[in-house]
2 protein chains.
Amino acid sequence: MDEFRETELKKRISESTIRRLSLYHRALEIVEDNGSETVSSKELAKIEKLTPAQVRKDLSFFGSFGTRGLGYPVKDLKAKIARILGIDRVWNIALVGVGNIGSALVSYKEFARQGFKIVKLFDNDQRKIGSNHKGIVVSDIKNIVSELSGSEIEMVVICVPGSVAQFVVDDIVKAGLRAILNFAPVNLKVPDDVFVRNENMAMELEYLSYALVNNHSKNRVK
Amino acid sequence: MDEFRETELKKRISESTIRRLSLYHRALEIVEDNGSETVSSKELAKIEKLTPAQVRKDLSFFGSFGTRGLGYPVKDLKAKIARILGIDRVWNIALVGVGNIGSALVSYKEFARQGFKIVKLFDNDQRKIGSNHKGIVVSDIKNIVSELSGSEIEMVVICVPGSVAQFVVDDIVKAGLRAILNFAPVNLKVPDDVFVRNENMAMELEYLSYALVNNHSKNRVK
DNA sequence: TCATCTATGTGAAAGCCTTCACAAAATAGG
DNA sequence: CCTATTTTGTGAAGGCTTTCACATAGATGA
């Protein structure tokens, strides 16, 4: 692992490579369920609709995990990718905004399955504060800075309306947290050492809309 | 518009450009609310944390919308982008899988606001079939092919477990639909003329996990 | 009307990412 | 043990995207 850390300091690894690591991890779960001991870059590529060269190149940034002529050891590679991604542990997460989307995410099994554990909820609505969602009592957002500061929570999911998202983020930053998953449709301003990922579901539909309207078929003659 | 269609046939426009068009559209709403008549590429870039050159280059693929020395006419540019994206109309959408996420999306205001109208729900769970969500009665997924074929519905949102997503997609394709927003954590196999966008929320948390573990700060000395 | 200023539109350059193609390493089979 | 086969790991090439930098065109003000 330390070898990797050092590599990372020398060469910045692209966002796309990291995102594909998640895909490889997922593909390896499938292969593992099939009972295979090893898997080739070709097979992994097929599962996620990528190219074998891409798979090999991506993995090569982090080390040599395969055996020539044979492929990659499934269990081992999966563990190594989990280690690189930092998902070989549990992450405690707070969620702000217990509306439609927010409360759906509290019960979202895929988060739990990957070790992302929502352990605290915040809202500003008096009717919601004190109510119980899957065993978690909703806290008043007024106390967010003190309740997050120095807590075991390291990530926050934001499901509040766009108009208040920036205020919430300012508090999260004040509390010293550095990772935010944002469902509000606004560009959040944060210091350079804070990471934000945006989940913009309407934008994906807009892309589909564009594709349909422009008949943007993949196998169209150019 | 036809000028644009023709341009499009000559030069394929990148996915990133289209995604940024959505951002520009959103930024223009903000500028419009502020009461400005015109806006510069610099201002648009600031709102979405991009560069002015990027904004101008992206827009230039579709035409010359600005006035030198002045900027872009807000209302007009917003309408033109909406036209390009195909969001100057209502899209009727079916949603399959009325679980946590699915039912949250039925009430998701951002979809409605952008003209994405969920008009039909499907599920395979007998307890859910026939139940009412925001005025829509859940249909039996068995009838999905016949109910979608030739209907006014052109997009489908999939919120079913990964293990059944491919079967659902096969039916959607059979019904002749060509646009799918997929929340299941699997890579769906579709013909080349069908568009799929994947919404993988756990993957975004994995990216944050990676960033934190590798202290991947943006202003770090290389 | 003219000079100054502002901001677009866009070729060209730079940078980044993906794909190619092949040497190297290990397996498998006889 | 040796040959044929498989599949990795990786420089180099190719292709795509972003950024640069400036000519151009219109606005603004005296």
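Order of the sequence lines sets the chain letters (A, B, ...), proteins ahead of strands, with each chain counted from 1.
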If I take atom [atom1] in residue [X] and atom [atom2] in nucleotide [N], what distance separates them, rounded to the nearest angstrom?
{"X": "B/Lys57", "N": "D/dA21", "atom1": "NZ", "atom2": "C1'", "result": "12 Å"}
{"X": "A/Glu15", "N": "C/dG15", "atom1": "CD", "atom2": "P", "result": "20 Å"}
{"X": "B/Ile18", "N": "D/dT17", "atom1": "CD1", "atom2": "P", "result": "11 Å"}
{"X": "B/Gln54", "N": "C/dC16", "atom1": "CD", "atom2": "P", "result": "14 Å"}
{"X": "A/Ile13", "N": "C/dC16", "atom1": "CD1", "atom2": "P", "result": "14 Å"}
{"X": "A/Phe61", "N": "C/dC16", "atom1": "CZ", "atom2": "C1'", "result": "11 Å"}
{"X": "B/Glu43", "N": "C/dA7", "atom1": "CD", "atom2": "P", "result": "8 Å"}
{"X": "B/Asp58", "N": "D/dT18", "atom1": "CG", "atom2": "P", "result": "7 Å"}

Between side-chain atoms of residues 179-186 of chain B and protein atoms elsewhere (two or more places apart, or another chain), which donor-acceptor pairs fall under 3.5 Å?
residue: B/Asn182; atom: OD1; partner: B/Ala184; partner atom: N; Å: 2.8
residue: B/Asn182; atom: ND2; partner: B/Ala184; partner atom: O; Å: 3.0
residue: B/Asn182; atom: ND2; partner: B/Val186; partner atom: O; Å: 3.2
residue: B/Asn182; atom: ND2; partner: B/Asn198; partner atom: OD1; Å: 2.8

Restricting to salt bridge (Lys or Arg N to Asp or Glu O under 4.0 Å), what partner residues turn up for B/Lys120, sequence neighbours left out?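 For B/Lys120 the salt bridge (Lys or Arg N to Asp or Glu O under 4.0 Å) partners, ignoring immediate neighbours, are B/Glu147.
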
Looking at the side chain of A/Arg56, which of D/dG9, C/dC17, C/dT19 is the nearest nucleotide?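 The nucleotide sitting nearest to the side chain is D/dG9.
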
Which nucleotide, C/dC17, D/dA21, D/dG9, lies nearest any side-chain atom of A/Ser60?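 Output: D/dG9.
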
Non-neighbouring partners of [X] that pass side-chain contact (heavy atoms from CB on, under 4.5 Å), sequence neighbours left out:
{"X": "B/Ala112", "value": "none"}
{"X": "A/Lys46", "value": "none"}
{"X": "A/Thr17", "value": "A/Ile13, A/Ser14, A/Arg20, A/Asp58, A/Phe61, A/Phe62"}

Any salt bridge (Lys or Arg N to Asp or Glu O under 4.0 Å) pairs touching residues 100-118 of chain A, not counting sequence neighbours?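 For residues 100-118 of chain A, and leaving out neighbouring residues, the salt bridge (Lys or Arg N to Asp or Glu O under 4.0 Å) pairs sorted by first residue read A/Glu29-A/Arg113, A/Glu110-A/Arg113.
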
Could you list all the salt bridge (Lys or Arg N to Asp or Glu O under 4.0 Å) pairs where at least one residue sits in residues 61-77 of chain A, not counting sequence neighbours?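 Residue pairs with at least one partner in residues 61-77 of chain A: A/Asp76-A/Lys80.
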
DNA chain C contacts made by residues 67-78 of chain A, counting heavy atoms under 4.0 Å: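 Those residues are A/Thr67, A/Arg68.
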
Give the residues of residues 29-42 of chain B touching DNA chain C, defined as any heavy atom closer than 4.0 Å, sorted by residue number.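 Heavy-atom contacts with DNA chain C come from B/Ser40, B/Ser41.
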
Does C/dC17 have OP1 or OP2 under 4.0 Å away from a side-chain N or O of A/Arg20?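 Checking A/Arg20 against C/dC17: no side-chain N or O falls below 4.0 Å of OP1 or OP2.
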
Whether B/Arg178 side chain and B/Asp193 backbone form a donor-acceptor pair below 3.5 Å: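 Side chain of B/Arg178 to backbone of B/Asp193, a donor-acceptor pair under 3.5 Å: yes, one is there.
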
Less than 3.5 Å apart, any donor N or O on the side chain of B/Ser40 or B/Glu43 sitting next to an acceptor on the other?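 B/Glu43 and B/Ser40 do have a side-chain donor-acceptor pair below 3.5 Å.
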
Side chains of residues 84-99 of chain A: which donor-acceptor pairs under 3.5 Å do they make with residues two or more places apart or in other chains?
residue: A/Asp88; atom: OD2; partner: A/Arg83; partner atom: NE; Å: 3.4
residue: A/Arg89; atom: NH2; partner: A/Glu154; partner atom: OE2; Å: 2.8
residue: A/Trp91; atom: NE1; partner: A/Gly86; partner atom: O; Å: 2.8
residue: A/Trp91; atom: NE1; partner: B/Ser209; partner atom: OG; Å: 3.1

List in chain and number order the residues that pass ring-ring contact (aromatic ring centres under 6.0 Å, His included) with A/Phe111, two or more places apart in sequence or in another chain; answer none if no residue qualifies.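 A/Tyr108.
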
At 10 degrees resolution, what angle do the end axes of the helix from C/dT1-D/dA30 to C/dG30-D/dC1 form when each is taken over five base pairs?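 What I find for the helix from C/dT1-D/dA30 to C/dG30-D/dC1 is an axis angle of 20°.
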
